[in-house]
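Reviewing the structure listed below.
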Amino acid sequence: MYPEYLVAPMRAELTNVGFEELKDSESVKKAIESEGTVFVMVNSVCGCAAANARPAARMATQSDKHPDKFVTVFAGMEADAVNTARNYMLPYPPSSPAMALFKDGKLVHIIERHQIEGRPAQMIADNLIGAFEQYC
């Protein structure tokens, strides 16, 4: 677990643009299993990947076509919520950060850490926006 003062600005990067923070297993289940489309961002302290993942996620929220819900869980903080989200992302291995799009409770698109590292935020956002256009 990280000290809250360390992660607070990283949480705010997403909540300030409309992401709902999910901090327990039940809220993750309810969000992902809901009807419609849900974008889940596994937030992370990792500077090398998360530094571009959060801006990409913020950019994607501005897309004309977007999911019904934007939610986030924070790796290294709320373990039950993160583990539950990751279970819905199987068979993909745990990844922090990670971005997943669900439609009617089914995983339809995922971006793993190795697809984030070394890529500019705009490239990641374009990938997300393409998925939003296809599934939302």
Exercise for review: Determine, step by step, whether Phe132 and Phe39 satisfy the ring pair (Phe, Tyr, Trp, His ring centres under 6.0 Å) criterion, reporting the C-alpha distance in whole Å, the side-chain angles of both residues, the deciding distance to 0.1 Å, and the verdict.
Suggested key: CA-CA 9 Å; Phe132 295 171; Phe39 176 70; 5.6 Å; yes
Practice item. Apply the test salt bridge (charged side-chain N to carboxylate O under 4.0 Å, His left out) to residues Arg54 and Glu13: give CA-CA distance (whole Å), side-chain angles for both, the deciding distance (0.1 Å), then the verdict. Key: CA-CA 7 Å; Arg54 284 187 297 273; Glu13 279 187 69; 2.9 Å; yes
Revision key, fill the gap. Heavy-atom closest pair (Tyr88 atom, Ile32 atom, distance to 0.1 Å) is CD2-CG2, 3.6 Å
Revision key, fill the gap. When rounded to the nearest 0.5 Å, the distance separating CD1 of Ile124 from CD1 of Ile129 is 12.0 Å
Check your understanding: Between Val38 and Phe70, is any pair of side-chain heavy atoms under 4.5 Å apart?
Key -> no
Check your understanding: Are Met41 and Val17 co-members of a hydrophobic cluster defined by side-chain heavy atoms under 4.5 Å apart?
Key -> yes
Exercise for review: Could you tell me which non-hydrogen atom of His66 sits nearest to which non-hydrogen atom of Ser63, and how far apart they are?
Suggested key: CD2-O, 3.1 Å
Review point. When hydrophobic residues are tied together by side-chain contacts of less than 4.5 Å, even through go-betweens, does Ile111 share a cluster with Met123?
Key: no
Taking only distance into account, with no hydrogens and no angle test, what donor-acceptor pairs under 3.5 Å do side-chain atoms of residues 92-101 form with protein atoms, sequence neighbours excluded?
{"unit_1": "Ser95", "atom_1": "OG", "unit_2": "Pro97", "atom_2": "O", "d": "3.1"}
{"unit_1": "Ser95", "atom_1": "OG", "unit_2": "Arg113", "atom_2": "N", "d": "2.7"}
{"unit_1": "Ser96", "atom_1": "OG", "unit_2": "Arg86", "atom_2": "NH2", "d": "2.3"}

Review point. Is the number of heavy atoms from other residues, nucleotides or ligands under 6.0 Å of Lys65 NZ greater than 12?
Key: yes
Review point. With a 4.5 Å limit on heavy-atom distance, are the side chains of Met89 and Val40 in contact?
Key: yes
Review point. Do Val82 and Phe74 pass the side-chain contact (heavy atoms from CB on, under 4.5 Å) test, and can you show the C-alpha distance, the side-chain angles, and the key distance before you say yes or no?
Key: CA-CA 7 Å; Val82 172; Phe74 208 110; 5.5 Å; no
Revision key, fill the gap. Ring pair (Phe, Tyr, Trp, His ring centres under 6.0 Å) filter on His109, not counting sequence neighbours, yields none
Exercise for review: Kindly indicate, with the supporting measurements, whether the criterion side-chain contact (heavy atoms from CB on, under 4.5 Å) is fulfilled by Val73 and Glu78.
Suggested key: CA-CA 7 Å; Val73 295; Glu78 294 82 30; 6.0 Å; no
Point to revise | Check: Leu22 and Thr72 side chains under 4.5 Å, non-hydrogen atoms | key: no
Check your understanding: Who pairs with Gln62 by side-chain contact (heavy atoms from CB on, under 4.5 Å), at least two apart in sequence or on another chain?
Key -> none
Check your understanding: Can you find a side-chain donor-acceptor pair between Lys69 and Ser34 that sits under 3.5 Å?
Key -> yes
**Study point:** Asn52 side chain vs Arg119 backbone, donor-acceptor pair below 3.5 Å
**Key:** yes
Check your understanding: When rounded to the nearest 0.5 angstrom, what is the spacing between CD in Gln115 and CD1 in Ile110?
Key -> 8.0 Å
Practice item. Examine distances only and state if a side-chain atom of Arg11 and a backbone atom of Asn43 form a donor-acceptor pair shorter than 3.5 Å. Key: no
Study note, to complete from the structure: Rounded to the nearest 0.5 Å, the OG1 atom of Thr37 sits from the CZ atom of Phe102 at a distance of 12.0 Å
Exercise for review: With rounding to the nearest 0.5 Å, note down the distance linking OG in Ser27 to CD in Glu20.
Suggested key: 7.0 Å
Review point. Do Ile116 and Phe19 belong to the same hydrophobic cluster, where Ile, Leu, Val, Met, Phe, Trp and Tyr are linked whenever their side-chain heavy atoms lie under 4.5 Å apart, directly or via other members?
Key: yes
Practice item. Report, as yes or no, whether the 6.0 Å neighbourhood of atom CG on Asn16 holds more than 12 heavy atoms from other residues, nucleotides or ligands. Key: yes
Check your understanding: Has the side chain of Asp104 got a donor or acceptor atom that lies under 3.5 Å from a matching backbone atom of Gly36?
Key -> yes
Exercise for review: Mind checking the CG-OG1 spacing from Leu128 to Thr61? Nearest 0.5 Å is all I need.
Suggested key: 10.5 Å
Check your understanding: What are the two closest heavy atoms between Ala49 and Glu117, and how far apart are they?
Key -> CB-CG, 3.8 Å
Exercise for review: Nearest 0.5 Å please: distance from the CD atom of Glu35 over to the NZ atom of Lys103.
Suggested key: 10.5 Å
Study note, to complete from the structure: Shortest non-hydrogen pair, Leu14 vs Ala57, comes out as CD2-CB, 4.1 Å
